[in-house]
Amino acid sequence: MNKSTIIATFVAVTIGGTIAFTSLGLAENDDTSKVGETSKEITIWRDPGCGCCDSYADYLETHGYSVTRVDDVNFDERSIDAGVPAQGLGCHLAEIDGYHVSGLVPADIIERLLTERPDITGITLPGMPANAPGMAPEKTGTLKTYAFGEDGVSVYADE
């Protein structure tokens with residue numbers, strides 16, 4: 001093997017190794033960038049005549065969510081079928097990343113749900129509180145949100 005062949009082989013191995021290392025590093029960076037990301041795709045089943053549900057969907061969109069709105073006059077039955085307690089129904093039902101969200105739950109509470117990923121079916125903000133997003137431009141005051149699932153119902157957030 002002459003000197004120029006050795007140099008060409010060394011250069012080829014060095015370039016190939018650099019490309020492989022860089023590609024592997026980029027692939028690993030892509031995987032780690034997804035850790036901790038939460039879904040922003042949410043579907044809302046709502047009564048077609050409910051204006052606060054449209055305002056709430058607009059509110060979620062301003063917080064970065066992509067909202068699919070589905071008219072469903074039987075959203076309450078859908079909610080109960082999803083496990084929402086009958087006495088805790090919100091004014092619509094939503095589904096995001098495997099969880100059900102009933103009512104006008106503030107975006108920061110949904111973000112917490114998706115980050116913490118508790119072993120529950122979902123959360124609900126019963127009724128139509130006047131200080132909830134959708135009824136008001138932004139949440140004001142305190143809202144009590146409940147978790148529901150196989151272990152029953154408990155307070156998820158009271159803030």
Side-chain angles (χ1 to χ4, degrees), residues 20-159:
F21 182 76
T22 302
S23 298
L24 180 60
L26 290 174
E28 287 178 1
N29 286 340
D30 286 346
D31 289 342
T32 56
S33 68
K34 292 178 182 176
V35 172
E37 286 184 16
T38 58
S39 175
K40 293 285 190 175
E41 302 285 328
I42 188 166
T43 300
I44 294 177
W45 291 269
R46 64 187 177 96
D47 186 307
C50 183
C52 72
C53 294
D54 279 332
S55 296
Y56 180 71
D58 294 343
Y59 158 83
L60 289 177
E61 288 171 344
T62 64
H63 285 79
Y65 289 88
S66 175
V67 180
T68 301
R69 303 165 202 216
V70 179
D71 290 343
D72 183 358
V73 294
N74 297 316
F75 81 91
D76 53 342
E77 293 173 16
R78 178 184 296 274
S79 298
I80 291 171
D81 289 346
V84 180
Q87 68 276 20
L89 291 179
C91 69
H92 62 262
L93 178 67
E95 184 174 349
I96 183 167
D97 206 13
Y99 287 103
H100 292 286
V101 177
S102 175
L104 305 166
V105 178
D108 62 324
I109 303 298
I110 294 173
E111 304 260 341
R112 183 187 318 158
L113 172 71
L114 298 176
T115 301
E116 294 177 346
R117 305 209 54 86
D119 188 22
I120 60 174
T121 302
I123 56 178
T124 185
L125 177 64
M128 299 169 67
N131 61 336
M135 297 297 287
E138 290 284 334
K139 173 192 159 228
T140 58
T142 301
L143 295 169
K144 190 177 282 189
T145 304
Y146 297 89
F148 58 90
E150 289 184 13
D151 293 335
V153 178
S154 61
V155 174
Y156 184 72
D158 189 11
E159 51 193 71

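Atom set for the values below is all heavy atoms of this structure, side chains included, hydrogens, waters and symmetry mates excluded.
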Find the distance between [atom1] ([X]) and [atom2] ([Y]) and round it off to the nearest 0.5 Å.
X      : Y      : atom1 : atom2 : answer
Ile109 : Glu159 : CD1   : CD    : 4.0 Å
Asp76  : Asn74  : CG    : CG    : 6.5 Å
Glu95  : Ser39  : CD    : OG    : 10.0 Å
Ile123 : Phe148 : CD1   : CZ    : 8.0 Å

Does [X] have more than 12 heavy atoms from other residues, nucleotides or ligands lying within 6.0 Å of its [atom1]?
X      : atom1 : result
Asp158 : CG    : yes
Asp151 : CG    : no
Glu116 : CD    : yes

Can you name the closest pair of heavy atoms from [X] and [Y] and give their distance?
X      : Y      : result
Pro126 : Pro129 : O-CD, 3.6 Å
Gly134 : Ser55  : O-CB, 3.4 Å
Gly88  : Ser102 : O-OG, 4.3 Å
Thr121 : Gly149 : OG1-CA, 3.4 Å
Pro48  : Val73  : CD-CG1, 3.7 Å
Leu143 : Lys139 : CD1-CG, 3.6 Å

Counting C-beta onward and ignoring hydrogens, is there a side-chain heavy-atom pair between [X] and [Y] closer than 4.5 Å?
X      : Y      : value
Pro133 : Leu125 : no
Arg117 : Asp97  : yes
Ser79  : Trp45  : no

Would a distance-only check, ignoring hydrogens and angles, find a side-chain to backbone donor-acceptor pair under 3.5 Å from [X] to [Y]?
X      : Y      : result
Tyr56  : Ala132 : no
Tyr156 : Gly122 : no
Tyr99  : Ile120 : no
His92  : Gly103 : yes

Go through it in stages, so that I can follow the logic: the residues are Leu60 and Ile110, the test is side-chain contact (heavy atoms from CB on, under 4.5 Å), and I'd like the CA-CA distance, side-chain angles, deciding distance and then a yes or no.
CA-CA 10 Å; Leu60 289 177; Ile110 294 173; 4.1 Å; yes

Should Thr124 and Val153 be marked as a side-chain contact (heavy atoms from CB on, under 4.5 Å) after you check the CA-CA gap, both sets of side-chain angles, and the distance that decides it?
CA-CA 10 Å; Thr124 185; Val153 178; over 6 Å; no

Could you list the residues that satisfy side chain to side chain donor-acceptor pair (under 3.5 Å) with [X], not counting sequence neighbours?
X     : answer
Lys40 : Glu111
Asp72 : Arg78
Arg69 : Asp54, Asp58, Glu61

What verdict does the side-chain contact (heavy atoms from CB on, under 4.5 Å) test give for Cys91 and Leu104, after you've listed the backbone C-alpha separation in whole Å, the side-chain angles of each residue and the deciding distance to 0.1 Å?
CA-CA 7 Å; Cys91 69; Leu104 305 166; 3.8 Å; yes

Does the side-chain contact (heavy atoms from CB on, under 4.5 Å) test come out yes or no for Phe75 and Leu89, once each step is laid out?
CA-CA 10 Å; Phe75 81 91; Leu89 291 179; 5.9 Å; no

